Amino acid sequence: MMPLTKIIVLYGGKSTEHEVSVHSAQTVCRLLAARTDKYQIYPIFISKQGYWFLQETCGPKHPGDIPVTPVLRPDATVQAIDGSFSVQADVVFPVVHGTNCEDGTLQGFLETLAIPYVGCGVLTSALGMDKEMTKLLAREVGIGVVPYQKVSKGVAYDKAALAQWVQTRLPVFVKPVRLGSSVGVTKVTTTAQLDKAIQDALAFDTEALVEQGVDHAREIFCAVYGDGANIYTSACGELRTVAGEFFDYNAKYIVAGGCETQVPAPIPPATETAMRRDTETLFRALQGHGLARVDFLMAQDGTYYMSEINTIPGLSETSLFPQLFEASGRNYPQILEELIKIAQQVHARKKELSFSR
């Protein structure tokens, strides 16, 4: 028999999306653990303070969790704080979202540990988390984005000029540049609301975007995974908010039935084909490998704009990523296994590089 592949699943983290991460990881742990012939799973919870704990079962913090620490050793990936045991993993599967997790920070740390990890690399993760950098790159490769202005904490800006720009484009959306799950996002319908919206966004990030709204926008999503020549896009899906004026954190995660999912999305075939093409184009332009989900805004006339990319999208069975690929005829547990293989292949390519002249 082949030895089991040892997989550390990381979740939680110092992020406003901590709880979403735990929910996603529970599905990933359960599906991978079901393959008792292939995998040995080590669920590791990261607290909001950044401490690591090995859990018996993936979930929120529990008194029985064992404090562990990552180590840079050839025979171990993590070890117990008291030194009583260590684990040498074959692959790390980060199921983390948001700041300090999805933005290249954790990926850079895993690179330092020299261990294969699932998902996009440092550069792709950092660019993907930064909404402005993603828009600039999307525009460079011919993908439409909505007009926007940027405000930075501690940097003076012309409030009157910004208010005038906003006045001609109402409603606008103010959001942190590097955050997900619609945290810190405000819909602004009058210029009197602008200052507070900017302050709210800057409470979560050092930069905020003020984006022109799309009239009666529909939110369409397309997922992607793969590497190199083998990159696959999903059918498109649509989310409609039932709670609130737009698809905010409250509608996504707090209010039961706060949003409705329709997969596949009721859009023209030509539009879906174009969105899938743009999803792959953006993923390649960002030098992506592993997985991602691209979000679009579609106007009433059918014009659409790239909104953002999520390099570690939600992965629970009710999340969009698995739903979109299930609608495309692809088995979700099989995709998770393919993501693990991609992680190993990417790591193997890096090991072939020379580090001496």
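Only this structure's heavy atoms are used, side chains among them; waters, hydrogens and symmetry mates stay out. Source: prediction; values computed, not measured.
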For Val146, the hydrophobic cluster (side chain heavy atoms closer than 4.5 Å, chained through members) also holds Val214, Leu297, Tyr305
For atom NZ of Lys61, decide whether the heavy atoms of other residues, nucleotides or ligands shown that lie under 6.0 angstrom number more than 12.
yes
Notebook entry, point to check: Without hydrogens or angle criteria, can the side chains of Ser319 and Gln323 be said to hold a donor-acceptor pair below 3.5 Å?
Noted result: no
Task: Short side-chain donor-acceptor distance under 3.5 Å, Tyr225 and Arg330 - done: yes
- Message: When you group the ILVMFWY residues by side-chain heavy-atom contacts below 4.5 Å and let the links chain together, are Ile335 and Val9 in the same group?
- Response: yes
### Pair Asp75-Gln88, side-chain donor/acceptor within less than 3.5 Å
no
Exactly one candidate in Thr311, Thr279, Asn310 meets side chain to side chain contact (heavy atoms under 4.5 Å, CB included) with Arg293; the answer is Asn310
Please say yes or no: joined through hydrophobic side-chain contacts below 4.5 Å, possibly via intermediate residues, are Met306 and Leu320 part of one cluster? no
Glu207/Lys153 salt bridge by N-O under 4.0 Å criterion:
no
Looking at Thr191 and Gln167, would you say the former's side chain and the latter's main chain have a donor-acceptor pair under 3.5 Å?
no
Q | Between Tyr11 and Gln55, a side-chain donor and acceptor under 3.5 Å | A | yes
**Request:** Quick one: do Glu317 and Arg30 satisfy salt bridge (charged side-chain N to carboxylate O under 4.0 Å, His left out)? Show the steps, please.
**Result:** CA-CA 11 Å; Glu317 287 175 312; Arg30 178 172 53 79; 2.6 Å; yes
Any salt bridge between Arg178 and Asp103, counting N to O under 4.0 Å? no
Smallest heavy-atom separation, Leu170 atom then Val188 atom, equals CD2-O, 3.6 Å
Relative to the ring of Phe45, is the ring of His18 parallel (under 30°), tilted (30 to 60°) or perpendicular (over 60°)? perpendicular
Point to revise | Cationic N near anionic O, under 4.0 Å, Lys48 to Glu19 | key: yes
### Task
Applying salt bridge (charged side-chain N to carboxylate O under 4.0 Å, His left out), run through Asp227 and Arg349 and close with a yes or a no.
CA-CA 12 Å; Asp227 176 45; Arg349 290 202 300 265; 2.9 Å; yes
Could Lys6 and Tyr42 be counted as a cation-pi pair, given that NZ or CZ must be under 6.0 Å from the ring centre and within 45° of the axis?
no
Q. Would you call Glu337-Lys38 a salt bridge at under 4.0 Å N-O?
A. yes
| message | Check Lys350 with Glu111, please: is the shortest side-chain N to carboxylate O separation under 4.0 Å? | response | yes
Applying side-chain contact (heavy atoms from CB on, under 4.5 Å) to Asp158 and not counting sequence neighbours gives Ala160, Ala161
Side chains of Arg276 and Ser234: do they bring a donor and an acceptor to under 3.5 Å?
no
The remaining residues in the hydrophobic cluster of Leu4, counting side-chain heavy-atom contacts under 4.5 Å among Ile, Leu, Val, Met, Phe, Trp and Tyr, are none
- Given Phe296 and Cys236, is the side chain to side chain contact (heavy atoms under 4.5 Å, CB included) satisfied, shown in steps? CA-CA 10 Å; Phe296 297 95; Cys236 293; 5.9 Å; no
Checklist entry - Same cluster or not: are Leu54 and Ile41 linked, directly or through other Ile, Leu, Val, Met, Phe, Trp or Tyr residues, by side-chain heavy atoms under 4.5 angstrom apart? => result no
| Would the number of heavy atoms belonging to other residues, nucleotides or ligands and lying under 6.0 Å from CD of Gln334 be above 12? | yes
**Prompt:** Are Glu260 and Arg240 close enough for a salt bridge, meaning some N to O gap below 4.0 Å?
**Reply:** no
Establish whether Val118 and Phe109 are linked, either directly or via other cluster members, by ILVMFWY side-chain heavy-atom contacts under 4.5 Å.
no
